[in-house]
Amino acid sequence: MPKAPAHPPVGTHEEQVAAYRTLASYHTHDALTGDEAKRIAAPFGLHHEGYEMRANTGDPKGLWIAGLPKNAKVRRVGMFDLAEDIARHLRLEYPIKLGRGSQARECLAAIAKHLGIEW
């Protein structure tokens, strides 16, 4: 779970929309770097640096990390996790899905609705 600072700075609506669009541009199974996650999460008042994980790029249901050998240890966050972390932080309602990609799309739709933009 991402760490929430005591008084997280919250970005403007435009910054949140830009962060949302960046997040939505990734494939649902992409693994974002800590820096990418920070830039996307910050406008929503979250501090996110990713988690230590193993790359399982060969698995279509795993996290995709181009250029790394199978099972390499990295500090990343799955796009699907970041989308859900933001939706939860905003206390948004969204349907629960079994697949991680399907869940990410529901979270993205809820965030878009919250921001008043097209999904």
Side-chain angles (χ1 to χ4, degrees):
M1 195 69 165
K3 301 172 203 154
H7 300 292
V10 177
T12 66
H13 182 262
E14 292 78 20
E15 291 169 332
Q16 289 181 356
V17 169
Y20 165 82
R21 289 200 169 120
T22 299
L23 180 62
S25 73
Y26 287 96
H27 185 280
T28 56
H29 284 258
D30 280 345
L32 287 67
T33 66
D35 287 340
E36 291 168 321
K38 270 187 203 178
R39 282 193 301 275
I40 292 168
F44 297 101
L46 283 174
H47 178 75
H48 213 309
E49 295 181 4
Y51 314 99
E52 188 171 297
M53 61 179 63
R54 291 193 180 274
N56 57 347
T57 305
D59 180 356
K61 296 292 186 179
L63 288 170
W64 298 345
I65 305 172
L68 290 178
K70 197 174 187 178
N71 290 323
K73 279 189 178 180
V74 293
R75 186 165 193 80
R76 301 283 178 106
V77 62
M79 182 279 200
F80 45 75
D81 286 330
L82 186 54
E84 191 160 17
D85 289 343
I86 291 169
R88 279 188 194 152
H89 179 73
L90 296 173
R91 299 177 196 264
L92 303 178
E93 292 185 18
Y94 50 88
I96 302 301
K97 299 291 183 177
L98 292 178
R100 295 186 286 184
S102 298
Q103 186 65 61
R105 287 186 290 278
E106 291 295 343
C107 292
L108 287 172
I111 295 166
K113 182 178 176 182
H114 169 77
L115 295 171
I117 61 174
E118 287 290 318
W119 151 236

| request: Output all residues satisfying side chain to side chain donor-acceptor pair (under 3.5 Å) with R39, sequence neighbours left out; order by chain, then residue number. | output: none

| side chain to side chain donor-acceptor pair (under 3.5 Å) with Q16: which residues, sequence neighbours excluded? |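 Listed in chain order: nothing, the list is empty.
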
| Short question: side chain of H13, backbone of L115 - any donor-acceptor pair under 3.5 Å? |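 Confirmed, H13 side chain pairs with L115 backbone.
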
| Taking the side chain from E15 and the backbone from V10, do they hold a donor-acceptor pair closer than 3.5 Å? |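 Side chain of E15 to backbone of V10, a donor-acceptor pair under 3.5 Å: no, none is there.
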
| said: Would R76 and L32 count as a side-chain contact (heavy atoms from CB on, under 4.5 Å) here? Give the steps. | reply: CA-CA 5 Å; R76 301 283 178 106; L32 287 67; 5.9 Å; no

| query | Side-chain donor-acceptor pair under 3.5 Å between E49 and H47, yes or no? | reply |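 Distance-only check passes for E49 and H47.
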
| message | Tell me whether the rings of Y51 and H48 are parallel (<30°), tilted (30 to 60°) or perpendicular (>60°). | response | perpendicular

| In the hydrophobic clustering (ILVMFWY, side-chain contacts below 4.5 Å, transitive), which residues join I96, or is it alone? | Y94

| request: Assert yes or no for the condition that the ring centre distance of H89 to F44 is strictly below 6.0 Å. | output: no

| request: Quick one: list whatever passes side-chain contact (heavy atoms from CB on, under 4.5 Å) with E14, sequence neighbours left out. | output: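 Partners of E14 by the side-chain contact (heavy atoms from CB on, under 4.5 Å) criterion, ordered by chain and then number, come out as T12.
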
| field | Which residues share a side-chain contact (heavy atoms from CB on, under 4.5 Å) with L98, sequence neighbours left out | value | none

So, using salt bridge (charged side-chain N to carboxylate O under 4.0 Å, His left out) as the criterion, who are the partners of [X] when residues are at least two apart?
{"X": "E52", "result": "K73"}
{"X": "E84", "result": "R88"}
{"X": "K97", "result": "E106"}

Nearest 0.5 Å, please: how far is [atom2] in [Y] from [atom1] in [X]?
{"X": "R75", "Y": "D35", "atom1": "CZ", "atom2": "CG", "value": "11.5 Å"}
{"X": "D81", "Y": "T28", "atom1": "CG", "atom2": "OG1", "value": "11.0 Å"}
{"X": "L82", "Y": "L46", "atom1": "CG", "atom2": "CG", "value": "8.0 Å"}

| said: Between M79 and I40, is there a side-chain heavy-atom distance shorter than 4.5 Å? | reply: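 With C-beta onward as the side chain, the pair stays apart.
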
What pairs of donor and acceptor atoms, side-chain ones from residues 17-25 against any protein atom, are under 3.5 angstrom apart with sequence neighbours left out?
| unit_1 | atom_1 | unit_2 | atom_2 | d |
| --- | --- | --- | --- | --- |
| T22 | OG1 | A18 | O | 3.0 |
| S25 | OG | T22 | O | 2.6 |

| Are H29 and F80 close enough, and set up right, to give a side-chain contact (heavy atoms from CB on, under 4.5 Å), and what steps lead you there? | CA-CA 7 Å; H29 284 258; F80 45 75; 3.9 Å; yes

| Heavy-atom pair of closest approach, residues V77 and G50 | CB-CA, 3.9 Å

| What is the minimum heavy-atom distance between A83 and A104, and which atoms define it? | CB-O, 4.2 Å

